[in-house]
Student: 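Before I ask anything, here is the structure I am working with.
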Amino acid sequence: MSKWTKDSWKNFTIKHIPEYNDVKQLEKALKKLEGFPPLVFAGECRNLKQELAKASNGDGFLVQGGDCAESFKEFNANNIRDTFRVILQMSAVITAKLKVPVIKLGRIAGQFAKPRSSDRETVNGKTLNSYYGDSINGIEFSEEKREPNPARLLRAYSQSASTLNLLRSFAQGGFANLRKVNSWNMGFVKASEEGKRYEEIAGKINEYLDFMDAVGVNTSTVIDLNTVDFYTSHEGLHLPYEEALTRVDSLSNEIYCTSAHFIWIGDRTRFIDSAHVEYCSGISNPIGIKCGPSLDNQELIKIIDKINPTNDPGKISLIFRYGEESIDKYLPELVDVIVKHKKNVLWISDPMHGNTVKSSSGLKTRDFNSLLNETSKAIEILKSKERHLGGIHLEMTGQNVTECTGGIYKVGDDDLNSRYHTHCDPRLNANQALELSFNIAEKLKK
Ligand code: PEP
Ligand code: CO
């Protein structure tokens, strides 16, 4: 086997990485990125890995969520705050019900590059490149915008840096203080059914804190209520970008991808000879592997052996996304193979990507009940094999969008057009995300 280097992925099978016409410009942009500061720090990645290891032992639960694709257009402080806030709310609900810490992991500050089922798209007889995500080309259907443009990588880096800066302020600067648990319930969520259920939980949390204070445990000094750890993740798809942000940690001498704490390998680039698997096998970040119906379980064992030869807990998360109709067929076998080979993994349900359907209006959507059904089945299947669901992976936003149908507000096919803003796959709105959390936490508690 040849030695891993940050560019050894180039000797493997490359899929879903765009071809640039202007190679000189690309090299220039990558050179610049190489000189830019890291976005995350090695020590933070190690902490996250430890927390994931605990969750795989049942002492923790992961909430991973955010846009399918971040965009330059929807980049503003309110959107970032609202996504952050809903993740805090979901975490409070899950912790209150399950009595375990929740690991908060955004699909944010770097989730820009998308694998597409087709390279090209035809509209009214005209065929152009598909939209590959804002770090690569523009969503507008014109020759110029659909051309991969290296300058976009620099803009994606800059947006990621600003997003992370704000997230760090929210996480460390007082916004996430548990004493403010009520105030995370704002805007359109507050008046909703879930908002009211949430209010009850928030009230109880404050009562516990008051009680502790009353018996002489000063909660503001004894425990750190003021800050939370918030981590970032994205699909490590654009390997030239990831390579440019790959750095050696001066403390441990280990190599980290510093564009995010957690990197995952998508369903379309997960195979043993893949450039993406090669890249991820050399970095010390925790790694997610998407598992869909096309997965060959024996091949997965080889991939896990390559990425995690020492079988470190917390290193590998399996993010399965079979769809409510197919999960019964695939997940039990996958669990059996992992158990037989004694692999340490964290089991994460992505109920989004196997449940995408076309609505009557032609828009892509997902039905809330299908998501709930798939996750409920996941909980049961894992339990029947003496394993447990360790987290959920959601495409969601803090905004009041109408992209997924169902939920107690019964978003219907006809409503989709009213606030459909996603740049790629349909997301849960804040109410739906909260409702799903209540349901999953209750199901897990049983
Ligand atoms: C995604 O998470 O946006 C995605 C493309 O998922 P998958 O690789 O599972 O299809
Ligand atoms: Co998606």
Student: Taking ring pair (Phe, Tyr, Trp, His ring centres under 6.0 Å) as the test, write out the residues that go with F72, two or more places apart.
Tutor: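 So F72 forms a ring pair (Phe, Tyr, Trp, His ring centres under 6.0 Å) with F112.
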
Student: Would K15 and F271 count as a cation-pi pair here, with the cationic atom under 6.0 angstrom from the ring centre and within 45° of the axis?
Tutor: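 Cation-pi check for K15 and F271: passes.
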
Student: Quick one: pull up NE2 in H261 and CG in L48 and give me the separation to the nearest 0.5 Å.
Tutor: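 Atom-to-atom, H261:NE2 and L48:CG are 7.5 Å apart.
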
Student: Can you tell me how far apart NE2 (H16) and NZ (K114) are? Round to the nearest 0.5 Å.
Tutor: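 The NE2 atom of H16 sits 11.0 Å away from the NZ atom of K114.
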
Student: Check whether any side-chain heavy atom of D59 lies under 4.5 Å from a side-chain heavy atom of P101, and answer yes or no.
Tutor: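 A side-chain contact exists here, since the closest heavy-atom pair is under 4.5 Å.
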
Student: Carefully, step by step, assess E254 and R46 under the rule salt bridge (Lys or Arg N to Asp or Glu O under 4.0 Å).
Tutor: CA-CA 11 Å; E254 290 172 331; R46 282 193 284 274; 3.5 Å; yes

Student: Within the distance-only criterion (no hydrogens, no angle test), does the side chain of Y330 pair as donor or acceptor with the backbone N or O of L295 below 3.5 angstrom?
Tutor: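 Judged by distance alone, no pair lies under 3.5 Å.
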
Student: Run the numbers on L98 and V100 for side chain to side chain contact (heavy atoms under 4.5 Å, CB included), then give the verdict.
Tutor: CA-CA 5 Å; L98 299 184; V100 294; 3.9 Å; yes

Student: Which residues pass the ring pair (Phe, Tyr, Trp, His ring centres under 6.0 Å) test with F438, not counting sequence neighbours?
Tutor: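 Result, ring pair (Phe, Tyr, Trp, His ring centres under 6.0 Å) vs F438: none returned.
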
Student: Just so I know, are the side chains of F368 and T405 near enough to count as touching, which here means a heavy-atom distance under 4.5 Å?
Tutor: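 Of all side-chain heavy-atom pairs linking T405 with F368, none is under 4.5 Å.
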
Student: Is the closest basic N to carboxylate O distance between E278 and K306 below 4.0 Å?
Tutor: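 Salt bridge between E278 and K306, a charged N being under 4.0 Å from a carboxylate O: yes.
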
Student: Which of parallel (below 30°), tilted (30 to 60°) and perpendicular (above 60°) describes H238 and Y241?
Tutor: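 If you compare the ring of H238 with that of Y241, the planes turn out perpendicular.
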
Student: Take R107 and E395, measure what salt bridge (Lys or Arg N to Asp or Glu O under 4.0 Å) needs, and give me the verdict at the end.
Tutor: CA-CA 8 Å; R107 265 181 80 112; E395 289 183 340; 3.0 Å; yes

Student: For a salt bridge (Lys or Arg N to Asp or Glu O under 4.0 Å) check, start with the C-alpha distance between D425 and R366, then their side-chain angles and the critical distance, and finish with the verdict.
Tutor: CA-CA 9 Å; D425 290 336; R366 291 151 169 167; 3.3 Å; yes

Student: Holding to salt bridge (charged side-chain N to carboxylate O under 4.0 Å, His left out), I want the full list of residues that pass it with K49, two or more places apart in sequence or in another chain.
Tutor: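 Salt bridge (charged side-chain N to carboxylate O under 4.0 Å, His left out) check on K49 returns D312.
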
Student: Tell me the salt bridge (charged side-chain N to carboxylate O under 4.0 Å, His left out) pairs involving residues 86-106, sequence neighbours left out?
Tutor: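 Every pair satisfying salt bridge (charged side-chain N to carboxylate O under 4.0 Å, His left out) with a residue in residues 86-106: K97-E442.
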
Student: Given the rule in the side chain to side chain contact (heavy atoms under 4.5 Å, CB included) test, do Y409 and E435 qualify, once you have shown the distances and angles that lead to the verdict?
Tutor: CA-CA 10 Å; Y409 285 95; E435 187 181 349; 5.7 Å; no

Student: Hey, are the side chains of T232 and V40 touching, using non-hydrogen atoms and a 4.5 Å cut-off?
Tutor: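 In contact.
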
Student: Does the pair D267 and R270 meet the rule for a salt bridge (Lys or Arg N to Asp or Glu O under 4.0 Å), with working shown?
Tutor: CA-CA 6 Å; D267 198 50; R270 174 224 58 231; 2.4 Å; yes

Student: Tell me, please, which residues at least two apart from F36 pass ring pair (Phe, Tyr, Trp, His ring centres under 6.0 Å).
Tutor: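 With sequence neighbours excluded, F36 shows a ring pair (Phe, Tyr, Trp, His ring centres under 6.0 Å) to Y157, given in chain and number order.
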
Student: So, for F230 and F84, is the gap between ring centers shorter than 6.0 Å?
Tutor: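 Yes, they do, as the ring centres are separated by less than 6.0 Å.
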
Student: Can a salt bridge be assigned to the pair K343 and D305 using a cut-off of 4.0 Å between side-chain N and carboxylate O?
Tutor: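 Looking at K343 and D305, the cut-off is met.
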
Student: Once rounded to the nearest 0.5 Å, what's the spacing between atom CZ of R116 and atom OH of Y131?
Tutor: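 The CZ atom of R116 sits 8.0 Å away from the OH atom of Y131.
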
Student: Report all side-chain donor-acceptor pairs from residues 61-68 shorter than 3.5 Å, counting only partners two or more places apart or in another chain.
Tutor:
from: Q64; atom 1: OE1; to: H393; atom 2: ND1; distance (Å): 2.8
from: Q64; atom 1: NE2; to: S233; atom 2: OG; distance (Å): 3.0
from: D67; atom 1: OD1; to: R427; atom 2: NH1; distance (Å): 2.8

